[in-house]
Number of protein chains: 2
Amino acid sequence: MAIDAASNLDAAPNLHTTAAERLRRDGQRYTSNRRVLVELLEDADRPLTIPELLERQAGIPQSSAYRNLSVLERAGVVERVMATDEFARFELAEDLTGHHHHLICSGCGSVSDFVVAPAVERRLDEAVEAIAGETGFRIEGHRFDLIGYCRDCVAAGR
Amino acid sequence: MAIDAASNLDAAPNLHTTAAERLRRDGQRYTSNRRVLVELLEDADRPLTIPELLERQAGIPQSSAYRNLSVLERAGVVERVMATDEFARFELAEDLTGHHHHLICSGCGSVSDFVVAPAVERRLDEAVEAIAGETGFRIEGHRFDLIGYCRDCVAAGR
DNA sequence: ATGAGTGCAAAGGCTTTGCATTAGG
DNA sequence: CCTAATGCAAAGCCTTTGCACTCAT
C-alpha cells in the first residue's frame, strides 16, 4: 500500500526523509520513481527482483528501475542481494530495517527474510570477531544465510 | 598442475573416482572435459568464474564449460557460488574439500576462501540449530560470508 | 536556464540452446 | 551401434547505455 502524506506520519516517519537526505548527500534527488521503489521495498518482507518490482508497478520503465536502484544503492538506501540464481534482488538498507538474514531456496531460488534471537546474533558477532584478525580483509559486515528448500518446494517434492 | 595416473594416487586418491561415481549415478559420464574442470577447481584455492576457467585451459569451448559445470553441479561434484557481481563462481562441493567460508570483496568482487576454528564453527552450528525450528524451511546448509575489502582494494584506497 | 531525471530503443555480456558431428561404453 | 557429449554458432535474457525530451530548481 502506498504511503501518503498522512499515513506517512505513523507508518514510517523517517524512511522517506532519510532516503531523501542520503540521496541529497550524493547530489541526487528523491524523485517520484525513486520514492515508489522505496515504498515497494518497504512493503515487501523479502528482497525483490527487478522483474518483481516492475510487475508490481507497471508505471516504471525498466531502464529507470535499473538506474534508480543503482543510485539508491550508491546512496546507501537499498542493498543488492545475490542469491543462487541470476537475478539481483533489492531490499532496504539494513540500518533502515534492522539486521536480518536470508533463507535461500535451492529449489526455486526464492529468498525470504528471518531474524535471529539476540543471543544467537551475539554468537555470530563473536565469530566475526574471531575471524577478523586472521584475514587481510577489512571486514565491513557479514552474511549468514540458510540454504534449503522452502515450503512450496518441499511440498512439490523438491 | 594436471593430475596424471601416477600422482593421482597420492595427491587426490578419491576425488576423480568420487566424481565419476556421482556422475554415473546421474547417468552422466566423466569425460576429459569434465575431468579438466574438476582438476582446475581442485588446484584453485577459491571459487573460479567461467572466464577464469576458460583462460586457464583454452582448450575447452565456452558452451562445454557452461554445460559441464551444470552437469557437475547437478551431480553434486561442484557448487555454484554467487557473490555480489554478475559472475557465477564454481568450486568443488564442500563434502569433497571441507567446510569453509568466503571473503567477498565489495571493491572488486573477488572471492577467497577461509576456514574458521572448530570452536567458532560450533557456534555457527548452534545458531543454525536455533533457527532451524522456527522456519518452514528444510535447512540443508548455511553460508557465512564476510563482506569487506581485500588487501588490494584497501591499498588502492578502495 | 541548466543540469538531473526520464523513457524509448538499442547494445552489452553472461549464459543457454539448436544442431550436426564426434566419441565413449 | 547408440546414446551421451561436443563444439560452433545463434539466440535468450538480465542489465546497461545512448540520446533526445522533460522537469525540477
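Letters go in sequence order (proteins before strands), and every chain restarts at 1.
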Between CZ of B:Phe87 and P of C:dG13 the distance, given in whole Å, is 10 Å
Rounded to whole Å, the CG-P distance (A:Asp26 to C:dG5) equals 10 Å
Do any side-chain nitrogens or oxygens of A:Tyr66 fall under 4.0 Å of OP1 or OP2 in D:dT15?
-> yes
A:Ile50 atom CD1 is separated from C:dG7 atom P, nearest whole Å, by 15 Å
B:Glu52 atom CD is separated from C:dT15 atom P, nearest whole Å, by 12 Å
| Residue pair A:His102 / A:Glu91, side-chain donor-acceptor N/O under 3.5 Å | yes
B:Phe114 and B:His101 aromatic ring geometry - parallel, tilted or perpendicular at 30°/60° bounds: tilted
In whole angstroms, the gap separating P of D:dC23 from CZ of A:Arg35 amounts to 19 Å
A:Leu23 CG to D:dA24 C1', in whole Å, measures 15 Å
Q. In terms of ring plane angle, is the pair A:His99 and A:His142 parallel, tilted or perpendicular, where the classes change at 30° and 60°?
A. perpendicular
Produce the list of close N/O pairs, under 3.5 Å, pairing protein atoms with atoms of nucleotides 4-11 of chain D; give distances to one decimal.
residue, atom, partner, partner atom, Å
D:dA4, O4', B:Arg29, NH2, 3.1
D:dA5, OP1, B:Gln28, OE1, 2.9
D:dA5, OP1, B:Arg29, N, 2.8
D:dA5, OP1, B:Arg34, NH1, 2.7
D:dA5, OP2, B:Gln28, OE1, 2.7
D:dT6, OP1, B:Thr31, OG1, 2.8
D:dT6, OP1, B:Asn33, ND2, 3.4
D:dT6, OP2, B:Asn68, OD1, 2.8
D:dT6, OP2, B:Asn68, ND2, 3.2
D:dG7, OP2, B:Asn33, ND2, 3.0
D:dG7, OP2, B:Ser64, OG, 3.1
D:dG7, N7, B:Arg67, NH2, 3.1
D:dG7, O6, B:Arg67, NH2, 2.8
D:dC8, N4, B:Ser63, OG, 3.1
D:dC8, N4, B:Arg67, NH2, 3.4

From CG of B:Asp85 across to C1' of C:dC14 the rounded distance in Å is 11 Å
Scanning both residues in full, the closest heavy-atom pair of A:Arg25 with A:Arg22 reads NH2-CG, 3.2 Å
- prompt: Do A:Glu121 and A:His100 get their side chains close enough for a donor-acceptor pair, meaning under 3.5 Å?
  reply: no
Separation of D:dT17 atom C1' from A:Leu69 atom CG, nearest Å, is 16 Å
In terms of side-chain geometry, is the basic nitrogen of A:Arg123 or B:Glu126 positioned less than 4.0 Å from the acidic oxygen of its partner? yes
